[in-house]
Amino acid sequence: MKNYKQIAVAVFAFSLLLGFSACKPKNAGSAVSSDAASKAYVAPGKYDEFYNFVSGGFSGQMSAYGIPSGRLLRVIPVFSVDPEKGYGYSEETKPMLNTSHGFVPWDDLHHVQMSKTNGDYDGRWAFGNANNTPRVARIDLKTFRTAEIIELPNSGGNHSSPFITENTEYVVAGTRFSVPPDDKNGDIPINSYKQNFKGTLSFISVAKEDGKMDIAFQIQCPGVNFDLSRAGKGVSHGWFFFSCYNTEQANTLLEVNASQKDKDFIMAVNWKKAEEYLKAGKGRKQSVRYASNRYSDITHSATSEIKTEVTVLDAKDLKDICYFFPCPKSPHGCDVSPTGEYIVGSGKLAALIPVFSFDKLQKAIAAKDYIGEFDGIPILKYESVLYGEVKKPGLGPLHTEFDNNGNAYTSMFVSSEVVKWNIKDLKVVDRVPTYYSVGHLTVAHGDTKSPKGKYLVAYNKITKDRYLPTGPELSQSAQLYDISGDKMQLILDFPTIGEPHYAQIISADLIKNNSQKFFKMEENKHPYFSNGEATTKVVREGNKVHIYMTAIRSHLTPDNIEGIRMGDEVYFHVTNLEQDWDVPHGFAVKGAANAELLIMPGETQTLKWYPTKVGIYPMYCTDFCSALHQEMTGYIRVSPAGSNVPLLFSTGKNYPVSDTAKAK
Ligand code: K7E
Ligand code: CUA
């Protein structure tokens, strides 16, 4: 043990010293398979077999690619505003980014999880986590839009999230940064970590019908860093596994102080048991504040509600819901095999990969095979839970996924490679280089009970010489491998948006046939909906002016508006009257301190505008929608405050000059 640890730390430190250039494999350019082009080729007009949903990291977004082509299909704004789509800029979407801290326009999205039924993807929703201001988002895969965001109280650095049980009963979220609970005085010395800081696991329930999320309960745990997680499945359904580091409970220079121990922990959580305790009233109601934001495709608007209570179970008091077992050197990934029997712990600084057995875990718990306690939580004996160790897999194991032939694939950050090993005999069977410093990897349906194998994508931290240079920052890089044969073959490099962390590959068939083509006009319940051009109008309420506008190829109604005054707050409520697929209209007005609107067919969206100068302001459609798109324009006249220019609006006609020229 000790030797592996020392070697790993030494090599890790050495590669850090060399600024990662030591990780560059030899013959970097030549490892591509000779028939790569045909394997990744999807002919023009043909569809990809899979969607790949990829986290955007510090871009706060999620993007959808086609696999095997690597085509970027869509960037879905989740936690960050997106001026392209007006997300976070339109009045309707602003509430999506509301939190107990107010409007938060950015976050760091690391992990993507598809909703599951019977342990396999069902194509309904994708979930993503916000690391910085702890939140979980649900994306509707009918519309490829963020449908819901829930904030997490008692949390900091929501990293071990959003991992999902086999029927999407729960989305789980664990704190990477332990913090004092929200109802305690937080104005305390930072070095009182050991006494006052707590880790929290949130169990978010997901309604079967419509996917609505709520915090069912939280489990308060010792103050450590929960890094990653996976739900049990099959034999281990009813359990969750969390990797924990900083069991040293350091609050400064974690680089050194949280790497002291030979082993940290994986925490096994019996959530079925936790449910029983919850039912039996063992939870404590705690007063907190967190936002619950939902978007409706009927009102085409989001609402944000601040909730004030959460139920907390204490792992220390309820002895049999949480168990620690040791895992070498700052475990990162914590992945569960397709049958649910094996739990793979990936110690970032370890030179082996321990594989734990769920069956042995149960026996060790029954036998109370403890080596001690950590903050009131029993610690099981390493050897009693261990199935075996993958020896010399490479350096810096991070994440593992699985195929349909009994193999596991682990990303090796320090030695820049993907290592394939057999789950049963724990022997390494193949390895391929990555370019460079791979973080997450994913296999088609690779975390489900029924992996599809076929393709693996590696998401790398360093790009170096793989693409044309683009200044100091290079495009992030994903690499596609064909894993259908005995040997993994690199077949494609493709750039990604933001920094990719986790991603999932899902059969296109599960999503593509349900894709929403437009919103039905007769279902539009937006309060400022215009049901056809005849109902458009401009209404003044004090200094607020509401413009009920429509857009259809190729004009805006109204397209001439007069009687707006300095000091007015103007709301353009634009309804797209089209009822056909792929006909959005955009909307922008000169000088608006705002993004455009991009309005889907049948939808109403609102742009808020404060005119800043007296004069004439052009407005126009921003999306090239027809041959006469350049004609889809209009003018607004802004008069001085107190002016008596009457409020007039029209399309296709002119008022007599006597009506409109009354400005004084
Ligand atoms: Cu390994 Cu945030 Cu999942 Cu990135 S984490 S690599
Ligand atoms: Cu509508 Cu361009």
Side-chain angles (χ1 to χ4, degrees), residues 54-60 62 107-113 127-132 134 157-163 173-177 225-230 242-243 245 330-335 344-348 396-401 410-414 416 418 434 436-442 447 457-462 476-478 496 498-504 549-557 559 574-578 580 582-588 596-601 603 605 619-634:
V54 184
S55 59
F58 47 68
S59 80
M62 191 184 288
D107 220 297
D108 183 14
L109 192 165
H110 279 214
H111 304 124
V112 172
Q113 281 263 290
F127 296 84
N129 68 315
N131 255 305
N132 185 48
N158 171 41
H159 193 260
S160 46
S161 163
F163 295 95
T175 51
R176 170 161 156 232
F177 305 121
N225 292 32
F226 291 106
D227 204 13
L228 280 153
S229 173
R230 287 289 189 182
F242 291 85
S243 57
Y245 69 106
S330 305
H332 187 58
C334 173
D335 299 292
V344 181
S346 299
K348 307 190 281 278
L398 289 188
H399 299 284
T400 301
E401 290 225 335
T410 301
S411 54
M412 297 289 170
F413 176 79
V414 176
S416 285
V418 172
T434 58
Y436 310 89
S437 301
V438 57
H440 274 273
L441 52 69
T442 186
D447 75 324
V457 180
Y459 303 91
N460 306 329
K461 301 296 173 194
I462 314 283
Q476 303 283 342
S477 177
T496 65
E499 187 194 17
H501 292 261
Y502 190 38
Q504 295 199 316
M549 185 181 275
T550 60
I552 193 163
R553 284 163 289 181
S554 296
H555 57 274
L556 299 166
T557 307
D559 69 358
V574 187
T575 300
N576 180 344
L577 299 178
E578 310 280 355
D580 199 358
D582 198 23
V583 200
H585 292 288
F587 180 80
E596 66 162 352
L597 298 175
L598 192 63
I599 314 133
M600 298 305 127
E603 185 182 48
Q605 292 284 286
M619 55 185 175
Y620 74 105
C621 168
T622 53
D623 188 325
F624 208 108
C625 50
S626 74
L628 296 171
H629 154 81
Q630 285 298 80
E631 283 70 19
M632 196 165 175
T633 62

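All figures in this text were calculated on a predicted structure; none of them were measured in a lab. Residue indices begin at 1 and follow the sequence shown. These numbers come from the heavy atoms of this one structure, side chains and all, not from hydrogens, waters or symmetry mates. Just follow the structure's listing: the first ligand is 1, and inside any ligand the first atom is 1.
- Residue-level proximity to ligand 1 for Leu228 is carried by the side chain, the only part with a heavy atom below 4.0 angstrom.
- Donor-acceptor pairing under 3.5 Å is lacking for the side chains of Thr442 and Gln504.
- Between the side chains of Asn129 and His110, no donor N or O sits under 3.5 Å from an acceptor N or O.
- The SG atom of Cys621 and the SG atom of Cys625 subtend an angle of 120° at atom 2 (Cu) of ligand 2, given to the nearest 10 degrees.
- Atoms CG and CD, from Leu109 and Glu499 in turn, are 12.0 Å apart once rounded to the nearest 0.5 Å.
- Using a cut-off of 2.8 Å, one finds that His501 contributes an N/O/S atom close to atom 4 (Cu) of ligand 1.
- Remark: distances from the non-hydrogen atoms of Glu499 to ligand 1 are all 4.0 Å or more.
- If you run side chain to side chain contact (heavy atoms under 4.5 Å, CB included) between Glu578 and each of Glu603, His585, Met600, only His585 comes through.
- The CD1 atom of Ile552 sits 8.5 Å away from atom OG1 of Thr557, with the distance rounded to the nearest 0.5 Å.
- Only the side chain of His110 comes within 4.0 Å of ligand 1, counting heavy atoms alone; its backbone N, CA, C and O stay farther away.
- Near His111, meaning under 4.0 Å from any of its heavy atoms, are these atoms of ligand 1: 2 (Cu), 3 (Cu), 5 (S).
- Near Lys461, the atoms of ligand 1 lying under 4.0 angstrom from a non-hydrogen atom of the residue are 4 (Cu), 6 (S).
- Looking at His629, its N, O or S atom nearest to atom 2 (Cu) of ligand 2 turns out to be ND1.
- Residue contact check: Gly439 has heavy atoms under 4.0 Å from atoms 6 (S) of ligand 1.
- Separating the CZ atom in Phe624 from the CE atom in Met632 is a distance of 12.0 Å, to the nearest 0.5 Å.
- Tyr459 and His440 have their aromatic ring centers separated by at least 6.0 angstrom.
- Between His111 and Phe163, the ring-plane angle classifies as tilted under the 30° and 60° cut-offs.
- Rounded to 10 degrees, the NE2-metal-NE2 angle spanning His399 and His332 at atom 1 (Cu) of ligand 1 equals 90°.
- In Asp623, the N, O or S atom that comes nearest to atom 2 (Cu) of ligand 2 is O.
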